Structures are given as structure tokens and as C-alpha cells.
There are 2 protein chains.
Amino acid sequence: MSIRDSLPTARVEQSNSSDSDEHLLLHVNGDLCTRLCLAAEARDQTPAALASDLLQRGLEQETLRAHSELLLDKLTPREQEVVRLTLRGLTNYQISDRLVISPETVKTHVRHALEKLGMRSKTELRMRWLEAGILPANP
Amino acid sequence: MSIRDSLPTARVEQSNSSDSDEHLLLHVNGDLCTRLCLAAEARDQTPAALASDLLQRGLEQETLRAHSELLLDKLTPREQEVVRLTLRGLTNYQISDRLVISPETVKTHVRHALEKLGMRSKTELRMRWLEAGILPANP
DNA sequence: CATTATATAGAACAATTGTTCTGATGTCAA
DNA sequence: TTGACATCAGAACAATTGTTCTATATAATG
């Protein structure tokens, strides 16, 4: 089974009159369909209801994520690196090791980043951004 | 528009032979359809592709969440309360205020909870559980 | 050139968290 | 009633984080 098989296909059906009547037909098959049905069964829910929940929550996270990305642009490159590593749960010391700078410098970057983001602590940063489903890539 | 309108309806089409050929038709309309299309446009993606991403990530979170729920059952009621409040970003002191107990007691509960969960810090707890999309209700 | 932004780093101190102990009290089941 | 568990709480100390300073060096921009 190719990867393509696990992607849903969609046919957009649009009524003639207004946009508010638009609707989508999502064709879900393959592995995604299987997992969706299993999860729905485990939750004693119909696949459609579960899909609705997942899509709604996913869209909320998308909004938060987009907002977070905009905030990230306000930071300098170095501050962004520090924030990313912080979001992966690293301590200042570990970050200083990774970036080959002093722990004091990490503290400075963290402080500047938190100021620009209007946050008070790394905990608050992690709360907001992990809630948005943001988990930066490994390197 | 009623709430029902914003829920997708589904018709499960199952082929005659094997389960691996099963597929779903999700009928998405109303507000959910609108937001899905807008978000897809913003990401320069087809609504189907975005839906696929959201469903996949949502299912992963479901798995993590289910696992976390099982872990939560290993904790005493008081430990669960402390964990919940910790996941909402409260400090030990704030929690002690909320539960009308000593900060030292909170520390004890946190320590016991982290031991049972096999974690080393509240940061690790927040990382894992917020990643799973767990955000306990307000009270 | 002067200003601004960026990156670096330290001192000094406060606050929070984590670790290792000890210990008291109450409940519940074997 | 003894043991296991849950709840509560403190001492003492280490580690991490946060706050307020100062300070140097470099690059870009006007």
C-alpha cells in the first residue's frame, strides 16, 4: 500500500447559491480510515463524531500555531534557537552546551525572548506553545 | 444554524471482501467546512490534505492521551489533583493555596506522582502531557 | 560617524523546583 | 491488630530558573 492510499481524497461540492451552503466530501481510506474507526470504537463514538472533534481541535491548534509563528518572527535568530530548544524541554545548561555558549548568555536570550513574547517564564512559554501543538524538529 | 449542522455526517462504505479495503465518506459542512477551507487556503493546501494532517495528528494525540489517562489512574486522588493543577501551569505555592495545604505537602505529592509516572520533573510532565493535548478543565 | 540591533557574558540575589530525609495521623483490609 | 496506604508537613540542601544590573564586540543602517 502506497502512502497515497493513506491520504484522504476529497471532492468539493459547492451549491449554486451561497458560500454558507458549501460542503465537503472527504474520502478517507487506508490506514487512516482503520485507525479512525478503531479510535472511535474505543471511545464509543461514531467515526464521524470523532473526526469532527479531531478536526475542530486541530483547527484551533492551527490558529494558535499560526499566531505563535508570527510571534516567533519577532525574535532574533539566536533567540529563536533558544526558544526552540526550550520547547523541547532542555535546561539552560543543556542549551548552552548545544549552542556552545555560556549558560549566562542563554539566560539573556531567554529573558529577551520572553520579554518580546510578553511571557513571564519558560513554563508559560511551554504551556502556550505546546498547547498549540508546536514541537520543533530535532536538530 | 443548529449545532448539528456543524457536525460532519458520515456514510460508512464497506467493501465486500476484507477490512483493509474499508473506507469512509465524511460529509463536512457548515462552520467546520468553512474553517477547514480557510485554513487550507492559508496554508496553500487542499482541504483534503489539511484534513488528513489534522486527523493523523489528532489520532496520535488520542493515543498519547489514552496512555496518559491510564497513567493517571495509578495516582491517588490528591496526587491527581496536584498533577492537574501542575498541568495548568500553577506553581507549588499556588497549588498549596488552592488546596489549602502546605507547599511542602504539595512537593511531597508532586514527588510521589512523578515517581509513579517515571518522570523527573514537572517540566517533563508538562512536555509529555501537553503534547498529548491534555488540558484539564478549570476547577 | 552615530545609532541601533545582535550576540556574548558576568555578578548578585530571589524564587522555584528537586532530592533526601524524617515523622505524624487516619483509614482500611487481611 | 498489624501492615499497607494515603495524607499531611517539615528540615536541609542542591539545582534550576528568574530579575536586575553592567559590560564588551560586531554588524548593519541611517
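Computed from a predicted model, the values in this text were never measured in an experiment. Below, chains carry the letters A, B, ... as their sequence lines are ordered, and counting in each starts from 1.
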Along nucleotides 14-30 of chain C, 5' to 3', which nucleotides get a B, which get an S, and which get a -, given that the test is a protein heavy-atom distance under 4.0 Å? ---SBBBB---------

Excluding sequence neighbours, so at least two apart, what forms salt bridge (charged side-chain N to carboxylate O under 4.0 Å, His left out) with [X]?
X: B:Arg126; answer: none
X: A:Glu41; answer: none
X: B:Arg84; answer: none

Where do A:Arg78 and A:Glu81 land on the salt bridge (Lys or Arg N to Asp or Glu O under 4.0 Å) test, with the steps shown first? CA-CA 5 Å; A:Arg78 211 51 163 170; A:Glu81 285 187 89; 3.0 Å; yes

Determine whether a donor-acceptor pair (N or O, by modelled atom type, separation under 3.5 Å) exists between the side chain of A:Gln56 and the backbone of A:Asp53.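 Checked: no pair found.
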
Looking at B:Val82, is its backbone amide N or carbonyl O close enough to the side chain of B:Thr86 to form a donor-acceptor pair, meaning the two atoms are under 3.5 Å apart? yes

Which side-chain N or O atoms in residues 99-118 of chain B pair as donor and acceptor under 3.5 Å with protein atoms at least two apart or in another chain?
residue	atom	partner	partner atom	Å
B:Ser102	OG	B:Glu104	N	3.0
B:Thr108	OG1	B:Glu104	O	3.1
B:Lys116	NZ	B:Glu79	OE1	2.9

Distance, rounded to the nearest Å, where A:Leu99 contributes CG and C:dT6 contributes P: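 Rounding to the nearest Å, CG of A:Leu99 and P of C:dT6 are 17 Å apart.
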
Expected output is a numbered-order residue list: members of residues 72-83 of chain B with a heavy atom under 4.0 Å from any atom of DNA chain D. What is it?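 B:Thr76, B:Pro77, B:Arg78 - these, ordered by number, are the residues of the stretch whose heavy atoms sit under 4.0 Å from the strand.
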
Between the protein and nucleotides 26-28 of chain D, which nitrogen or oxygen pairs are less than 3.5 angstrom apart?
none

Can you name the side-chain hydrogen bond (donor to acceptor under 3.5 Å, both in side chains) partners of A:Lys122, sequence neighbours left out?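 If we apply the side-chain hydrogen bond (donor to acceptor under 3.5 Å, both in side chains) test to A:Lys122, skipping adjacent residues, the hits are A:Asn92.
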
May I ask you to say what A:His109 touches in the nucleic acid, namely base, sugar-phosphate or nothing, with a heavy-atom cut-off under 4.0 Å? base

With a non-hydrogen cut-off below 4.0 angstrom, is B:Thr105 in contact with a base, only sugar-phosphate, or nothing? base

Might you work through the side chain to side chain contact (heavy atoms under 4.5 Å, CB included) test for B:Leu54 and A:Leu54, ending with a clear yes or no? CA-CA 7 Å; B:Leu54 296 182; A:Leu54 296 183; over 6 Å; no

Five-pair end axes of the helix from C:dC1-D:dG30 to C:dA30-D:dT1 and the angle they enclose, rounded to 10°: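 One end's axis against the other's: 40°.
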
According to a 4.5 Å side-chain heavy-atom criterion applied to Ile, Leu, Val, Met, Phe, Trp and Tyr, with indirect links allowed, do B:Trp129 and A:Leu64 form part of one hydrophobic cluster? no

side-chain hydrogen bond (donor to acceptor under 3.5 Å, both in side chains): pairs with one or both residues in residues 60-71 of chain A, sequence neighbours excluded: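 Only A:Gln61-B:Arg57, A:Glu62-A:Arg65, A:Glu62-B:Arg43 qualify under side-chain hydrogen bond (donor to acceptor under 3.5 Å, both in side chains).
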
